[in-house]
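Let me begin by presenting the structure, written as structure tokens, before commenting on it.
Each chain gets a letter, A, B and so on, in the order the sequences are listed, and its residues count up from 1.
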Protein chains: 2
Amino acid sequence: MPNASTASTAKGRATQARIVEGAAQVLRERGIAFTTLDDVRARTSTSKSQLFHYFPGGKDELLLAVAEFEASRVLEDQQPHLDRLDSWESWYRWRDAVVERYELQNDQCPLGNLFLHIGRSEPGTRAIVVELMRQWQERIANGIRALRSRELIPASVDVDRSAAALLAGIQGGVSIMMSTGSSAHLRAALDTGIDQLRTATAHER
Amino acid sequence: MPNASTASTAKGRATQARIVEGAAQVLRERGIAFTTLDDVRARTSTSKSQLFHYFPGGKDELLLAVAEFEASRVLEDQQPHLDRLDSWESWYRWRDAVVERYELQNDQCPLGNLFLHIGRSEPGTRAIVVELMRQWQERIANGIRALRSRELIPASVDVDRSAAALLAGIQGGVSIMMSTGSSAHLRAALDTGIDQLRTATAHER
DNA sequence: CCAAAAATGGACCGGCAAGTCCAGCCCGAG
DNA sequence: CTCGGGCTGGACTTGCCGGTCCATTTTTGG
């Protein structure tokens, strides 16, 4: 139930999209606390009136739109790996994709920033994050089930708990990376998580 | 090398401490983005001039002091569990302490918020967080070594990687808890982390 | 008890950034 | 062509909040 676009023409919709993407860029670079609507205006070659025309709710509504935008990118960036976790090789490819993704975007989790900043003022943000986590975990769980159905791991593995732990490890690895600049923890979390699945198996490899 | 206190009398130091603690309170309640110096002033029964007297650097310096304050609490709250991780029972007690601690402080990681908000503007914040993470991980690693020296786990366990993964799981569990309000992920991360150590052992229990 | 230094109260300033407003422009429908 | 609705530009207003300043009170050292 995201914003039914405020624009009614193709040109309008293009402008609106440009604003969201540009805002996302600026927010990544400067950080939310230091980003003003004027920065967004400059970056997107728009005017104040356009910002408020397409986002009548002002800054909050714009930030919410950016949050949706960023959330949608998270899982997209892990495709197609995330939906094909059916062999050990595919799991490691996914791990590499995740690590690389977060190493590239310097040292930030735009969505996390947004969430913290808007916080409880905008209930919508929370819903976006919750839904993202749910989907992410679900896909990981599906991957574990795929391993199980191929008998690479025993049926006794607690799928949901393992998926939850793996997801937590990723989140924590990313947030530690934000402060230390090192992806070591993210890597460690992913590697031990996968290792745990592997050693739960009876037959090696 | 934290601020050599700006106060030179006992009364002054008391006021300064009151400001930091009061500020920490307000920040936890309202969130940084919505907290003004006036809120802090009101909460701590001080005047504007006092705030700037004790924190000449203004808001940034105050926030930095609060960050130090919060960081020091993190490990304190896990004592004495964190320094006595030498039996499986003690690990589970620690787990319970961690979960309880974060369940109590409603749904926030004050330090995380601070870090994100001050971000790269104040290099000091990063150092505080990095140091906290280092110490935290070191203590976990010590706990794992204790298990190993008691031969509860085999020598083949990669201590640092396991500690890093566990720490990442905690951080992620907490941050997921902030959005969802549920401690399930934190619990899952801790449980699977400990399980992994246990199943690495040759002899059961 | 008396300076001098520290601590305190609170009025005031100034800038910045969110949000408003309206005039003019583009563009497609008829 | 032309009319109308949406799109665009940007000047302007407004309130908030960080930071300054100085007068006053309290404490301390001798």
Specify the separation, in whole Å, of atom [atom1] of [X] and atom [atom2] of [N].
X	N	atom1	atom2	answer
Glu61(A)	dA18(C)	CD	P	15 Å
Asp39(A)	dC16(C)	CG	P	13 Å
Phe55(A)	dT20(C)	CZ	P	16 Å
Arg18(B)	dT8(C)	CZ	C1'	11 Å
Leu62(A)	dA17(C)	CG	P	16 Å

Closest-nucleotide 5' rank along DNA chain D - winner of Arg41(A) and Arg13(A):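 On the 5' side of the pair lies Arg13(A).
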task = For the residue pair Ser162(B) and Gln196(B), establish whether any side-chain heavy-atom pair is separated by less than 4.5 Å.
result = no
Residue set satisfying side-chain hydrogen bond (donor to acceptor under 3.5 Å, both in side chains) with Arg134(B), at least two apart, ordered chain then number -> Glu131(B)
Does [X] make a side-chain N or O approach to OP1 or OP2 of [N] shorter than 4.0 Å?
X	N	answer
Tyr54(B)	dA6(C)	no
Gln50(A)	dT8(D)	yes
Thr46(A)	dT8(D)	no

- Task: Tell me, please, which residues at least two apart from Arg41(A) pass salt bridge (charged side-chain N to carboxylate O under 4.0 Å, His left out).
- Result: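 Listed in chain order: Asp38(A).
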Asp86(B) meets the salt bridge (charged side-chain N to carboxylate O under 4.0 Å, His left out) criterion, sequence neighbours left out, with Arg150(B)
By ring-ring contact (aromatic ring centres under 6.0 Å, His included), Trp94(B) pairs with (sequence neighbours left out) Trp91(B)
Per-nucleotide protein contact along nucleotides 17-27 of chain D, 5' to 3', at a 4.0 Å heavy-atom cut-off (B base, S sugar-phosphate only, - neither), is SBBBB----SS
Suppose we screen for side-chain contact (heavy atoms from CB on, under 4.5 Å). Which residues come up paired with Ala164(B), at least two apart in sequence or across chains?
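With sequence neighbours excluded, Ala164(B) shows a side-chain contact (heavy atoms from CB on, under 4.5 Å) to His185(A), Ala188(A), Gln137(B), given in chain and number order.
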